[in-house]
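Only one structure is covered here, and it is reproduced in the block below.
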Amino acid sequence: HIVVNAEAKDVMVPRDFVEGGQIVLNISMPAVQDLALNNDAVSFKARFSGVPHEVYVPINAVMAIYARENGRGMVFSEDDEPP
């Protein structure tokens, strides 16, 4: 899962699922189609309540990444610089 700042520039996510300016996205292979991860962005197609959406998240909008199974992961601060 990734936690995304839904208010960041160029983020395209289904707004009905944004809470407190953030959205949690399941990016596991069974949950998404056409997943693309690169240095600039995460993008994929997924269904939210049965409705298909295209999702685009610039890397700087990713606030955290974690495994749902155990909650372990990483939280990124605004001070973190991209590699």
Side-chain angles (χ1 to χ4, degrees):
H1 286 73
I2 58 174
V3 181
V4 174
N5 175 357
E7 306 302 324
K9 183 180 179 198
D10 297 328
V11 170
M12 292 176 19
V13 295
R15 295 289 163 187
D16 291 345
F17 298 90
V18 173
E19 293 182 15
Q22 299 178 1
I23 187 169
V24 177
L25 300 170
N26 178 351
I27 59 169
S28 67
M29 293 309 283
V32 302
Q33 294 179 327
D34 301 330
L35 177 64
L37 302 166
N38 60 49
N39 291 335
D40 299 320
V42 176
S43 62
F44 57 89
K45 296 175 187 171
R47 292 186 174 271
F48 293 80
S49 296
V51 179
H53 289 272
E54 290 198 25
V55 175
Y56 181 84
V57 178
I59 290 299
N60 65 349
V62 176
M63 301 171 68
I65 185 168
Y66 68 94
R68 187 180 91 187
E69 297 79 12
N70 59 19
R72 291 186 177 174
M74 272 184 170
V75 175
F76 307 106
S77 72
E78 290 184 28
D79 296 336
D80 290 341
E81 291 189 25

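In this structure, CG in N38 is found 7.0 Å from OG in S43, a value given to the nearest 0.5 Å. Put simply, NE2 on H1 and CD1 on I23 are 11.0 Å apart, with the number rounded to the nearest 0.5 Å. Taken to the nearest 0.5 Å, the CD atom of Q33 stands 7.5 Å off from the CZ atom of R47.
Closest non-hydrogen pair, P58 versus K9, comes out as CG-O, 3.5 Å. Shown here for R15 and A6, the closest heavy-atom pair between the two residues is NH1-O, 2.8 Å. Shortest non-hydrogen contact noted between A46 and A31 is CB-O, 3.7 Å.
Around CZ of R72, the count of heavy atoms belonging to other residues, nucleotides or ligands within 6.0 Å does not exceed 12. Counting heavy atoms of neighbouring residues, nucleotides and ligands inside a 6.0 Å radius, atom CG of N39 does not exceed 12 of them.
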Determine whether V55 and L25 satisfy the following criterion, side-chain contact (heavy atoms from CB on, under 4.5 Å), listing intermediate values before the conclusion. CA-CA 10 Å; V55 175; L25 300 170; 3.9 Å; yes
Check against side-chain contact (heavy atoms from CB on, under 4.5 Å), Y66 and V24: CA-CA 10 Å; Y66 68 94; V24 177; 3.4 Å; yes
I59 and V42: CA distance, side-chain angles, deciding distance, side-chain contact (heavy atoms from CB on, under 4.5 Å) verdict: CA-CA 7 Å; I59 290 299; V42 176; 4.0 Å; yes
Should Y56 and V13 be marked as a side-chain contact (heavy atoms from CB on, under 4.5 Å) after you check the CA-CA gap, both sets of side-chain angles, and the distance that decides it? CA-CA 7 Å; Y56 181 84; V13 295; over 6 Å; no
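Put simply, L35 and V57 are part of the same group of oily side chains (I, L, V, M, F, W, Y) that touch within less than 4.5 Å, one to the next. There is a path of hydrophobic side-chain contacts, each under 4.5 Å, that joins F44 to F17. Note on M63 and I27: separate hydrophobic clusters, where clusters join Ile, Leu, Val, Met, Phe, Trp and Tyr whose side-chain heavy atoms are under 4.5 Å apart, directly or indirectly. When the side chains of ILVMFWY residues are joined at heavy-atom separations under 4.5 Å, either directly or via intervening members, V51 and V11 end up in two distinct hydrophobic clusters. A single hydrophobic cluster is seen to contain both V4 and V18, as judged by linkage of ILVMFWY side chains at heavy-atom distances under 4.5 Å, directly or through other members.
A 4.5 Å side-chain heavy-atom check between D16 and F48 finds every atom pair outside the cut-off.
The closest donor-acceptor contact from the side chain of R68 to the backbone of N26 lies at 3.5 Å or more, if one exists at all.
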